[in-house]
Amino acid sequence: MIKTCITFCVLMFVIHAASAQSTFSEVQNSQAELQNLMEANKNVTSISCDFVQEKELSILSETVTSEGIFRLKGNDKLLWEYRTPYPYKVVINGDRMEIDDSENKMTFDTRSNRMFREISNIMIKSVDGSIVNDKSTFETKLLENKTELLAELTPKTRELSGLFEKISLRFNKSNYLVRRIDMYEELGDVTTIILNNQKLNEPVEDSCFFIRK
């Protein structure tokens, strides 16, 4: 059961960059760009947005499109809620992870399972941008074009390298907000998630980060 839940969480967050990488060139002063990114995000206390996800499985030619909402509060509270084509929720509150697929509700302590802890960190740090500075977990390469900063992350840990070949984040240069997160799974399955209508530092109720029994 735990392995199935981990796999499902990973599949929901695995992301593929569909546009040509040739439009990007390597950043000349990567340390300065990293500093700009961290400065822009250090005062962010909450993020609310909508998302659209397109998922491609390596064994299928069909693309499945899903839509939902996302909420982030602080550095340890997250809600990722799918509303179409079917309801599905992932909630993180500190060391507690909850999953609700409308038929079953499951709760896990991420401290007791390293894989859940790694997935939890990726989910939160990808959206607030802090994953780019996680040198103990990822090797980071920065690229850019006129409007976007692209961070390509190669996992260093055994757990993550067994799941992901690479993770990419795209930031708008105008505000350094994550617009799109790209992750490539080792088995070939890919998904694209676009974050839309991002709102910063608006009130988010703590009740969002609990699944009602």
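Just so you know, these numbers come straight off a predicted model, no measurement behind them.
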Is there a side-chain contact between Tyr176 and Asn36 in this structure, where contact means two heavy atoms from C-beta onward sitting under 4.5 Å apart? yes
Interatomic distance, Ile167 atom CD1 to Asp182 atom CG [nearest 0.5 angstrom]: 10.0 Å
Report the distance from atom CD of Glu202 to atom CG of Leu200, rounding to the nearest 0.5 Å. 8.5 Å
Would you say the side chain of Leu142 lies within less than 4.5 Å of the side chain of Glu26, judging by non-hydrogen atoms? no
Looking only at non-hydrogen atoms, find the nearest pair between Leu78 and Phe70 and report the distance. CD1-CE1, 3.5 Å
Relative to the ring of Phe108, is the ring of Phe116 parallel (under 30°), tilted (30 to 60°) or perpendicular (over 60°)? parallel
For Pro85 and Thr65, which heavy atoms make the closest approach, and how far apart are they? CD-O, 3.5 Å
Taking Glu98 first and then Arg96, would you say they form a salt bridge - that is, a charged N and a carboxylate O separated by under 4.0 Å? yes
Given the rule that I, L, V, M, F, W and Y join up when any side-chain heavy atoms are under 4.5 Å apart, are Val52 and Val64 in one cluster? no
Does this structure show an ion pair linking Lys89 with Asp101, if we count only N-O contacts that are shorter than 4.0 Å? no
Decide yes or no for Arg179 and Leu195: does some side-chain heavy atom of the first lie under 4.5 Å from some side-chain heavy atom of the second? no
Rounding to 0.5 Å, atoms NZ (Lys77) and SG (Cys208) come to a distance of 11.5 Å
Lys156, NZ: over 12 other non-hydrogen atoms inside 6.0 angstrom: yes
Thr45 vs Asn201, test: side chain to side chain donor-acceptor pair (under 3.5 Å). Steps then yes/no. CA-CA 5 Å; Thr45 59; Asn201 300 337; 3.0 Å; yes
Mind checking the OG-NZ spacing from Ser48 to Lys73? Nearest 0.5 Å is all I need. 10.0 Å
Would you indicate whether the side-chain heavy atoms of Asn172 and Thr147 approach each other to under 4.5 Å? no
side-chain contact (heavy atoms from CB on, under 4.5 Å) evaluation trace for Asp128 with Val44: CA-CA 8 Å; Asp128 70 12; Val44 175; over 6 Å; no
If you compare all heavy atoms of Leu79 against all heavy atoms of Val91, which two are closest, and at what distance to 0.1 Å? CD1-CG2, 3.7 Å
Answer yes or no: is there a side-chain heavy-atom contact under 4.5 Å between Tyr88 and Ser66? no
State plainly whether one hydrophobic cluster holds both Val178 and Ile194, where clusters connect Ile, Leu, Val, Met, Phe, Trp and Tyr through side-chain heavy atoms under 4.5 angstrom apart. no
If hydrophobic clusters are built from ILVMFWY residues whose side chains come within less than 4.5 Å, do Met97 and Met106 share one? yes
Electrostatic pair Glu148-Lys173, nearest N-O below 4.0 angstrom: no
Considering only NZ, NE, NH1 and NH2 on the basic side and carboxylate oxygens on the acidic side, decide whether Glu159 and Arg114 come within less than 4.0 Å. yes
Looking only at heavy atoms, what is the nearest atom pair of Ser168 and Glu152, with distance? OG-CG, 3.7 Å
Less than 4.5 Å apart, side chain to side chain, heavy atoms only: is that true for Ile92 and Trp80? no
Flag yes if Ile122 and Ile99 sit in one hydrophobic cluster, no otherwise; membership is Ile, Leu, Val, Met, Phe, Trp, Tyr, and two members link when side-chain heavy atoms are under 4.5 Å apart. yes
Leu150 and Leu169: side-chain contact (heavy atoms from CB on, under 4.5 Å), yes or no, with the steps? CA-CA 6 Å; Leu150 172 63; Leu169 307 178; over 6 Å; no
Hey, does the side chain of Ser112 reach the backbone of Asp109 with a donor-acceptor pair shorter than 3.5 angstrom? yes
Just do the side chain to side chain donor-acceptor pair (under 3.5 Å) check on Gln31 and Gln35 with the steps written out, would you? CA-CA 6 Å; Gln31 192 57 45; Gln35 186 63 33; 5.0 Å; no
Does the side-chain contact (heavy atoms from CB on, under 4.5 Å) test come out yes or no for Ile69 and Tyr82, once each step is laid out? CA-CA 7 Å; Ile69 64 170; Tyr82 292 82; over 6 Å; no
Nearest 0.5 Å please: distance from the CD atom of Glu144 over to the OG atom of Ser25. 5.5 Å
Just do the side-chain contact (heavy atoms from CB on, under 4.5 Å) check on Asn133 and Lys135 with the steps written out, would you? CA-CA 6 Å; Asn133 208 34; Lys135 297 179 181 180; 4.0 Å; yes
Between CG of Leu34 and OG1 of Thr140, what distance do you get to the nearest 0.5 Å? 7.0 Å
Could you tell me which non-hydrogen atom of Thr154 sits nearest to which non-hydrogen atom of Glu165, and how far apart they are? CG2-O, 4.2 Å
Can you find a side-chain donor-acceptor pair between Asn196 and Asp50 that sits under 3.5 Å? no
Heavy-atom pair of closest approach, residues Ala151 and Phe171: CB-CE1, 4.2 Å
Is there a side-chain contact between Thr110 and Asp95 in this structure, where contact means two heavy atoms from C-beta onward sitting under 4.5 Å apart? yes
Flag the pair Leu153 / Ile131 as yes when at least one side-chain heavy-atom distance between them is below 4.5 Å, and no otherwise. yes
Sidechain-backbone polar pair: Ser161 side chain, Arg158 backbone, donor-acceptor under 3.5 Å: yes
